[in-house]
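Structure first, then comments.
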Amino acid sequence: MDGERRVAEPVRRNRFYRPDCPPKYRIAARSFAVLFLAATLVRGVIVGGHLDYPGSPWPKLPGEIAGLFGLAAMDIEIAGLAHHEPNEVLNYLGVKPGGPLIGFDSKRARATLQELDWVETAIVTRQFPNKLQITITEREPFVVWQHQGKLQVVDQNGKPMSGLSATGSNMLLHVVGLGANLAAADLVNQMSATPGLFQEVKAAVRVGERRWDLHMNNGLVIALPERDMAIAMKAAETTFLSPAMKGLNVARIDYRIPGELAYRAKATATDVDPTITSSIQ
């Protein structure tokens, strides 16, 4: 090229392939490459679900390997459960009996359990290497709350407990309406003074977030006042348990007006005004 000479760029070879590279470095580099390729293939097989077949031993392999080093969950104690099963707790923590405890963090596990709306307190202790102790204090179910067509078990503070089935809590008082979950504790506390009335209440309906209507097992509705509810309930217990009530055709008893008691008879085709009002002596 008009007197110019072109000098070829020297080829730069990987240092592991240089003639003066010690053999041990070459072997290490090749071994790393093989292991990396093998790990990539294994991950692809696992992520692809090719090892998830009935009776597959592969899911148990991490636990068995951890067990060789004493790091498997071989001894798990769970105390304090009254309404939930131990497996539910382990599922939340991602722990399986015999599974690996490598990287298990007791503080993080406790925080996970404390976030559950049915857990009051939780203590998680790991005794190295393979013992796990979990102590849980559950929130106590108080009433079944119905609002906007949804049933929920709630505790005494009105907090929903999603871990419990409302349909399987027939022994709990059924409260209905906006704010009924928050006002239920006061209602139950006052009704405890009138056990004869309390045991016959089928449901309590919150009206206007101010007062209650008690729906009794026999179909009678007792309308309680916004104030002096305890006085009205005492009078209602006496009236409801009176032998004379059994023969009356009454659908509703109204205590909303202080000093007065209003009866509403069950409606019939000939009834014009079935309401009867009398003074409470």
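No donor-acceptor pair under 3.5 Å is formed between the side chain of Arg110 and the backbone N or O of Val124. A side-chain donor-acceptor contact under 3.5 Å links Glu237 to the backbone of Gly196. Under the 3.5 Å distance criterion, the side-chain polar atoms of Asn157 are left unmatched by any main-chain donor or acceptor of Lys159. When atom types are taken as modelled, the side chain of Asp117 and the backbone of Ser162 share a donor-acceptor pair closer than 3.5 angstrom. Looking at Ser242, its side chain never comes within 3.5 Å of a backbone N or O of Thr238 through a donor-acceptor pair.
With values rounded to the nearest 0.5 angstrom, Thr125 atom OG1 is found 6.0 Å from Gln133 atom CD. Atom NZ in Lys96 sits 12.0 Å away from atom CD1 in Ile76 (nearest 0.5 Å). Tyr92 contributes atom OH, which lies 11.5 Å from atom OG1 of Thr112 (distance to the nearest 0.5 angstrom).
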Tabulate below the donor-acceptor pairs under 3.5 Å that side-chain atoms of residues 183-194 make, not counting sequence neighbours, or state none.
residue	atom	partner	partner atom	Å
Asp186	OD1	Gln190	NE2	3.4
Asp186	OD2	Gln190	NE2	3.2
Gln190	OE1	Ala230	N	3.3
Ser192	OG	Asn189	O	2.5
Thr194	OG1	Met191	O	3.2

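When side chains are defined from C-beta on, Asp254 does not count as touching Arg264, because their heavy atoms never get closer than 4.5 Å. Looking at Thr239 and Tyr255, their side chains come closer than 4.5 Å, going by heavy atoms from C-beta outward. When side chains are defined from C-beta on, Gln114 counts as touching Thr121, because their heavy atoms get closer than 4.5 Å. Contact check for His215 versus Val205: side-chain heavy atoms found under the 4.5 Å cut-off. With contacts defined as side-chain heavy-atom distances shorter than 4.5 Å, the pair Ile134/Leu93 qualifies. Annotation: side chain of Leu81 is in contact with side chain of Ile136 (closest heavy-atom distance under 4.5 Å). Counting heavy atoms from C-beta outward, Asp155 and Glu140 have side chains that stay 4.5 Å or more apart.
Cluster membership for Leu197 and Val176, using ILVMFWY side-chain heavy atoms within less than 4.5 angstrom, is not shared. Both Met229 and Leu214 are part of a single hydrophobic cluster, where members link through side-chain heavy atoms under 4.5 Å apart. In terms of hydrophobic clustering, with Ile, Leu, Val, Met, Phe, Trp and Tyr side chains grouped at heavy-atom distances under 4.5 Å, Leu182 and Val175 are assigned to different clusters. Hydrophobic clustering (side-chain heavy atoms under 4.5 Å, transitive across Ile, Leu, Val, Met, Phe, Trp, Tyr) groups Ile222 together with Leu241. Note on Leu90 and Leu116: same hydrophobic cluster, where clusters join Ile, Leu, Val, Met, Phe, Trp and Tyr whose side-chain heavy atoms are under 4.5 Å apart, directly or indirectly.
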Legend entry - Derivation and outcome, side chain to side chain contact (heavy atoms under 4.5 Å, CB included), residues Met233 and Leu224: CA-CA 7 Å; Met233 282 194 292; Leu224 297 176; 3.8 Å; yes

Inset, instruction - Decide side chain to side chain contact (heavy atoms under 4.5 Å, CB included) for His174 and Val143; before the verdict, give the C-alpha distance in whole Å, the side-chain angles of both, and the deciding distance to 0.1 Å. - result: CA-CA 6 Å; His174 191 157; Val143 296; over 6 Å; no

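Nearest heavy-atom pair, Ala166 versus Gln152, reported as atom, atom and distance to 0.1 Å: CB-N, 4.1 Å. Contact detail for Trp212 and Arg206: the closest heavy-atom pair is NE1-NH1, 2.9 Å. Nearest heavy atoms, Val154 versus Pro160: CG1-CA, 3.8 Å. Considering every non-hydrogen atom in both Ala122 and Leu113, the closest pair reads CB-CB, 3.8 Å.
Within the structure, salt bridge (charged side-chain N to carboxylate O under 4.0 Å, His left out) contacts touching residues 219-231 (residues at least two apart or in different chains) are Arg210-Glu226.
His84 is linked by a ring pair (Phe, Tyr, Trp, His ring centres under 6.0 Å) to Trp118, counting only residues two or more places apart in sequence or in another chain.
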